[in-house]
Amino acid sequence: DAGVIQSPRHEVTEMGQEVTLRCKPISGHNSLFWYRQTMMRGLELLIYFNNNVPIDDSGMPEDRFSAKMPNASFSTLKIQPSEPRDSAVYFCASTPQGGITGELFFGEGSRLTVL
Amino acid sequence: QKEVEQNSGPLSVPEGAIASLNCTYSDRGSQSFFWYRQYSGKSPELIMFIYSNGDKEDGRFTAQLNKASQYVSLLIRDSQPSDSATYLCAVKGRAGNTGKLIFGQGTTLQVKP
């Protein structure tokens with residue numbers, strides 16, 4: 001079975017540009033998570049969805065960040081406008097059964113560099 | 001105070017030794033606890049989870065949980081160079097918040113041949 005698929009794998013952009021990261025969860029998984037990882041702050045939860053509905057977005061750093069899940073097989077994380085401090089690896093993860101098992105299945109990540 | 005705390009390391013052990021990784025958490029109502037391993041440049045992968053006080057063993061790995069002390073640990077016996085990675089402790093919050101998994105900063109383990 002295919003795992004969690006993220007795109008792009010690498011993105012280099014200039015400050016002020018819009019960035020859109022994409023995620024396709026594992027089929028049948030109904031919870032989806034967006035995490036950001038940096039050396040300084042580790043792996044931070046940004047937002048998570050259950051059944052396509054955002055449940056907790058308290059980790060979204062500011063209004064420049066937005067996330068959507070229009071259907072069970074696709075989610076986006078958008079940063080507009082981007083800033084150098086947004087440079088990080090962004091992971092998408094999914095889990096079945098509303099996260100009861102606790103195991104997150106991670107994508108390979110999208111490495112974002114904002115110049 | 002961070003919700004989940006780990007020493008960043010690096011923790012260096014010789015091949016064949018026992019590596020002991022520790023984690024503390026702040027929410028006394030936390031329900032379940034996980035250890036993930038992350039190789040450099042890769043995504044995290046689950047090693048073990050534990051829900052009840054005490055020890056849980058899986059091969060060379062043992063997870064230990066002490067809810068009274070808000071402490072969870074991971075022991076790796078007979079450490080191998082292939083165990084060299086960052087180990088992330090993760091905690092799941094209270095019932096009703098079943099999907100939210102909070103990670104510590106991670107401890108880097110180096111196993112020297």
Side-chain angles (χ1 to χ4, degrees), chain A residues 2-7 9-10 21 23 25-26 29-60 69 75 88-111, chain B residues 1-10 21 23-27 30-52 56 58 61 63 65 72 74 85-108:
Chain A
V4 176
I5 299 172
Q6 292 187 245
S7 64
R9 292 292 313 280
H10 301 275
L21 307 178
C23 175
I26 294 172
H29 285 194
N30 64 342
S31 292
L32 182 141
F33 303 77
W34 282 101
Y35 284 88
R36 176 174 71 176
Q37 188 172 40
T38 61
M39 288 293 293
M40 289 296 295
R41 301 176 68 90
L43 197 59
E44 301 175 279
L45 177 63
L46 300 177
I47 185 171
Y48 80 95
F49 298 82
N50 275 356
N51 297 315
N52 313 336
V53 176
I55 301 301
D56 187 338
D57 64 355
S58 59
M60 295 287 263
M69 192 165 186
S75 177
V89 180
Y90 291 80
F91 286 104
C92 176
S94 68
T95 189
Q97 300 175 7
I100 299 297
T101 65
E103 179 174 7
L104 298 183
F105 295 81
F106 284 83
E108 293 184 312
S110 294
R111 181 175 295 275
Chain B
Q1 180 187 7
K2 292 182 180 179
E3 293 182 73
V4 181
E5 295 207 47
Q6 299 178 253
N7 288 325
S8 61
L21 304 163
C23 171
T24 58
Y25 58 94
S26 61
D27 185 351
S30 296
Q31 301 288 322
S32 47
F33 310 86
F34 306 85
W35 284 99
Y36 282 76
R37 177 176 62 199
Q38 186 175 24
Y39 291 112
S40 180
K42 301 296 185 181
S43 56
E45 56 180 345
L46 181 69
I47 299 176
M48 292 192 69
F49 62 89
I50 186 167
Y51 298 151
S52 303
K56 180 181 178 182
D58 184 1
F61 298 95
L65 174 62
V72 58
L74 179 70
T86 297
Y87 290 80
L88 301 166
C89 174
V91 175
K92 194 159 68 172
R94 297 169 181 269
N97 199 13
T98 54
K100 189 170 179 175
L101 202 59
I102 305 300
F103 285 83
Q105 287 272 89
T107 299
T108 299

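- Here the side chains of B:Pro44 and A:Tyr35 are not in contact, with every heavy-atom distance at 4.5 Å or above.
- Here A:Leu45 contributes atom CG and B:Leu101 contributes atom CG; the two are 8.5 Å apart, rounded to the nearest 0.5 Å.
- The NZ atom of B:Lys42 sits 6.5 Å away from the CD atom of A:Glu108 when rounded to the nearest 0.5 Å.
- The CG atom of B:Leu46 lies 10.0 Å from the OG1 atom of A:Thr95; values are rounded to the nearest 0.5 Å.
- Heavy-atom distances place no part of A:Thr38 under 4.5 Å from chain B, backbone and side chain included.
- Only the side chain of A:Gln37 comes within contact range of chain B, with heavy atoms under 4.5 Å apart.
- In terms of modelled atom types and a separation under 3.5 Å, the side chain of B:Tyr36 and the main chain of A:Leu104 share a donor-acceptor contact.
- Closest approach of B:Ser43 and A:Gly107 over heavy atoms only: CB-O, 3.1 Å.
- A donor-acceptor pair is defined here as one N or O able to donate and one able to accept, closer than 3.5 Å; no such pair exists between the side chain of A:Glu103 and the backbone of B:Glu45.
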